[in-house]
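Let me begin by presenting the structure, written as structure tokens, before commenting on it.
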Amino acid sequence: MILAPGSRAGAQVMEKAVKGRSLWDDAVRRLFRNWAAVSGMAVLAVLVLVAIVGPHLVPFSYDQINKNDVWAPPLTAGHLLGADSLGRDLLARLLVGLRVSLAIGLVATLVSLVIGIAWGAVAGYVGGVLDEIMMRVVDVLYSLPFIFFVILLMVTFGSNIILIFVAIGAVEWLTMSRIVRGQTLGLKHKEFVEAARAAGLSQGGVISRHIIPNLLGPVVVYVTLTIPAVILAESFLSFLGLGVQPPMASLGTLIAGGAQDMELAPWLLIFPALTMVVTLMSFNFIGDGLRDAIDPKDR
């Protein structure tokens, strides 16, 4: 059937033929063609669902002490993954620990995201003396040892889980600000930014409406790589006894306890360590997939 050039059907066909894909549509298509990234997203979705729902399905509480089940091996006395030195169910503690570690990774990353984007975008766009001052502050904070900063917070304000969010988030935003500043320096002389300034838009308006939206690509990739780094930082602090305090559990505290009892009960180390590895690999696969999908050199 031949369509007349001026007909409605012909116009619809021409519109479909002319219509293209945006860069974000192309990035999504490339991301979902990456089997490793898709596998990482599927595994991560399962881990998040298990962390949220799982503790309500286990017949034991994470802090429930059972004197008759001390050192119970897996698949005995009703403990699917075994029990620890106090008879506490490892599966219940593992699910709660996974929930805590994911929550710390997400919240601390959001803190670093908000502070880092605002700090880096303002410094890079305004430039001059303000840029020098803001980036020197970043350099000074970088020079402070991370452990010293955490110990100082713990001694001053006491030990609680909120301080872990603050301590880790207050350090991780430094790298984010440098990345955002570098991207902003390359964007602020683009034609669309010059046009916005010529139209009378304020500096804050240019940053919020034009600079930050065009930073989302690198920022999204960095966020997926920051979350596993935050989880590792929390695990390291908990391993040293500076993180999550008992009876609350995290992947770090479980791995620390499992390392102490490894000879008597190796399952206390094996299952938390495997969970940590799977979680970090999922985030890394997603981050690598996003980087490949957004990278303009691969289009």
ask   = Quick one: are Trp71 and Leu264 in side-chain contact, heavy atoms under 4.5 Å?
value = yes

inquiry  = Please tell me whether Trp267 and Leu274 are part of a single hydrophobic cluster in this structure, the criterion being side-chain heavy atoms less than 4.5 Å apart.
reply    = no

ask   = Can you find a heavy atom in the side chain of Trp173 that is under 4.5 Å from one in the side chain of Leu113?
value = no

query = Would Leu269 and Ile231 show up in the same hydrophobic cluster when neighbours are defined by side-chain heavy atoms closer than 4.5 Å?
reply = yes

key: CA sep, side-chain torsions, deciding dist, call: Phe60, Arg88, side chain to side chain contact (heavy atoms under 4.5 Å, CB included)   = CA-CA 8 Å; Phe60 301 96; Arg88 295 175 297 188; over 6 Å; no

ask   = Between OG of Ser177 and CD1 of Ile115, what distance do you get to the nearest 0.5 Å?
value = 10.0 Å

task = Report yes if the side chains of Leu201 and His210 come closer than 4.5 Å at any heavy-atom pair, otherwise no.
result = yes

ask   = Would you call Arg178 and Asp139 a salt bridge, using N to O less than 4.0 angstrom?
value = yes

Main-chain N/O of Gly97 paired with Ser101 side-chain donor or acceptor, under 3.5 Å = yes

query = Given side chains that start at C-beta, do those of Leu187 and Leu215 come closer than 4.5 Å, heavy atoms only?
reply = yes

ask   = If only atom types and distance count, is the side chain of Arg99 paired as donor or acceptor with the main-chain N or O of Ala51 below 3.5 Å?
value = yes

ask   = Does Asp131 reach the side chain of Val126, with side-chain heavy atoms less than 4.5 Å apart?
value = no

task = Test side chain to side chain contact (heavy atoms under 4.5 Å, CB included) on Leu130 and Val122 and set out the steps.
result = CA-CA 9 Å; Leu130 182 62; Val122 171; 4.1 Å; yes

task = Please name all residues satisfying side-chain contact (heavy atoms from CB on, under 4.5 Å) with Ala72, sequence neighbours left out, ordered by chain then number.
result = Asp69, Thr76, His79, Ala83

ask   = Are Leu49 and Met276 connected in the hydrophobic side-chain network, where two residues link if heavy atoms are under 4.5 Å apart?
value = yes

ask   = Which heavy atom in Asn284 sits nearest to a heavy atom in Pro228, and how many Å separate them?
value = OD1-CG, 3.9 Å

query = What distance separates Gln64 CD from Leu86 CG, expressed to the nearest 0.5 Å?
reply = 12.0 Å

query = Who are the side-chain hydrogen bond (donor to acceptor under 3.5 Å, both in side chains) partners of Asp261, not counting sequence neighbours?
reply = none

query = From Asp89 CG over to Asp84 CG, what is the distance, rounded to the nearest 0.5 angstrom?
reply = 9.0 Å

query = Between the main-chain N or O of Tyr62 and the side-chain N or O of Arg93, is there a donor-acceptor pair closer than 3.5 Å?
reply = yes

request  = Compare every heavy atom of Ala92 with every heavy atom of Val58, then report the nearest pair and how far apart it is.
outcome  = CG1-CB, 3.9 Å

query = Does some side-chain heavy atom of Val48 sit less than 4.5 Å from a side-chain heavy atom of Leu102?
reply = yes

ask   = Would the number of heavy atoms belonging to other residues, nucleotides or ligands and lying under 6.0 Å from CE of Met41 be above 12?
value = yes

ask   = How about Phe32: does its CZ atom have over 12 heavy atoms from other parts shown lying under 6.0 Å from it?
value = no

key: Stepwise side chain to side chain donor-acceptor pair (under 3.5 Å) check, Glu172 with Thr109   = CA-CA 7 Å; Glu172 290 296 332; Thr109 300; over 6 Å; no

ask   = Closest heavy-atom contact between Leu31 and Gly289?
value = CD1-C, 3.7 Å

message = When you measure from the side chain of Asn66 to the backbone of Asn68, do you find a donor-acceptor pair of N or O atoms at a distance under 3.5 Å?
response = no

request  = Drop me the distance from Lys188's NZ to Gln183's CD, to the nearest 0.5 angstrom.
outcome  = 14.0 Å

message = Within this structure, what is the OG1-CE distance for the pair Thr253 and Met248, rounded to the nearest 0.5 Å?
response = 9.5 Å

query = Quick one: OH on Tyr125 to CD1 on Ile207, what's the gap to the nearest 0.5 Å?
reply = 6.5 Å

inquiry  = Between Val138 and Trp119, is the side chain to side chain contact (heavy atoms under 4.5 Å, CB included) condition met? List the steps.
reply    = CA-CA 10 Å; Val138 171; Trp119 193 277; 3.5 Å; yes

task = Of all the heavy-atom pairs spanning Met176 and Gly116, show the shortest one and how long it is.
result = CG-CA, 3.8 Å

task = Step by step, work out the side chain to side chain contact (heavy atoms under 4.5 Å, CB included) result for Leu44 and Phe285.
result = CA-CA 10 Å; Leu44 183 61; Phe285 284 157; over 6 Å; no

request  = Identify, with sequence neighbours excluded, every residue that meets side-chain contact (heavy atoms from CB on, under 4.5 Å) alongside Val278.
outcome  = Val43, Leu47, Ser282

ask   = Between Pro213 and Arg209, which heavy-atom pair has the shortest distance, and what is it?
value = CG-O, 3.3 Å

task = Would you mind checking if Glu194 and Lys190 are paired as a salt bridge, meaning a charged N to carboxylate O distance below 4.0 Å?
result = no

key: Transitive ILVMFWY side-chain link Ile117 to Leu185, under 4.5 Å   = no

message = If hydrophobic clusters are built by linking Ile, Leu, Val, Met, Phe, Trp and Tyr wherever their side-chain heavy atoms come under 4.5 Å apart, do Val114 and Val223 end up in the same one?
response = no

query = Which heavy-atom pair separates Leu95 from Gly54 by the least distance, and what is that distance?
reply = CD1-C, 3.5 Å

request  = Would you mind reporting whether Pro272 and Leu94 have side-chain heavy atoms less than 4.5 Å apart?
outcome  = yes

ask   = Do Phe283 and Leu225 have side chains that get closer than 4.5 Å, going by heavy atoms?
value = no

